[in-house]
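One structure below.
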Amino acid sequence: MRSVIQRVKRASVSVDGVVVGEIGAGLCVLVGVTHGDGAAEVDKTARKIAQLHLLRGPDGSDDAGARVSAEESGAPVLLVSQFTLYADVRKGRKPSWSKAAGGDVAEPLFDQLVEAVRGYGVPVETGQFGAMMDVELVNDGPFTILFET
């Protein structure tokens, strides 16, 4: 499971011009699922999303010692499924998607991830699995982390 975790001032996902998920200050996380991912990857990814100290402290400080997690602050998370995170571009000019799990595997794992993050008491919004989505965000920092289980 591969995640791009972004600290945001705000973020939203729209499908066909309709907002399906929207948050204020929190984390926007793009998530890709690969073959062989399972419950262990879901649990580890959920824990990192909920507990990494990435958000500004209560006083707005961005000092490393003042940062808090989504779990501690109650900040929302916008989770967006994105199979393109597993693109392989090493050969030729066209990406290969062979490392991305198909929807029959990826969608249930993505749904489990949503519930696992919520299990930490974190409010979660999502995009729409498999849809063409417009993702808008204002990155706070910028602050972006790549995480892979």
Same cluster or not: [X] versus [Y], using hydrophobic residues (I, L, V, M, F, W, Y) connected whenever any side-chain heavy atoms lie under 4.5 Å apart?
X	Y	answer
L54	F147	yes
I145	V117	yes
L78	V29	no
V77	V13	no
V15	I23	yes

For the backbone of [Y] and the side chain of [X], can you confirm whether one donor and one acceptor N or O come within less than 3.5 Å of each other?
X	Y	answer
D88	S96	no
Y120	I49	no
R10	L137	no
D59	S61	yes
D37	T34	yes
H53	G65	no

Would a 4.5 Å heavy-atom cut-off, applied to side chains only, mark V42 and M1 as touching? yes

Min side-chain heavy-atom separation V68-L55 under 4.5 Å: yes

Search all heavy atoms of [X] against all heavy atoms of [Y] and return the closest pair with its distance.
X	Y	result
F110	V80	CE1-C, 3.9 Å
P76	A25	CD-O, 3.2 Å
A11	C28	CB-CB, 4.1 Å
A46	L113	N-CD1, 3.6 Å
G21	E125	CA-OE1, 3.5 Å
F129	S81	CD1-OG, 3.4 Å

Side chain to side chain donor-acceptor pair (under 3.5 Å) partners of D62, counting only residues at least two apart: R7, R67

Can you tell me how far apart CE (M133) and OG1 (T126) are? Round to the nearest 0.5 Å. 8.5 Å

To the nearest 0.5 Å, atom OG1 of T84 lies from atom CG of L30 at 8.0 Å

Carefully, step by step, assess L27 and V8 under the rule side-chain contact (heavy atoms from CB on, under 4.5 Å). CA-CA 6 Å; L27 299 175; V8 298; 5.9 Å; no

Before giving the answer on side-chain contact (heavy atoms from CB on, under 4.5 Å), spell out for W97 and F83 the whole-Å C-alpha distance, their side-chain angles and the decisive distance to 0.1 Å. CA-CA 8 Å; W97 311 116; F83 78 94; 3.7 Å; yes

Taking 4.0 angstrom as the limit, do E41 and K44 come out as a salt bridge? no

In chain order, what residues pass the salt bridge (Lys or Arg N to Asp or Glu O under 4.0 Å) check against E148, with sequence neighbours excluded? R2

Assess the side chains of T144 and N139: does a donor N or O sit below 3.5 Å from an acceptor N or O? yes

When you compare the side chains of E71 and S69, does any donor N or O come within less than 3.5 Å of an acceptor on the partner? no

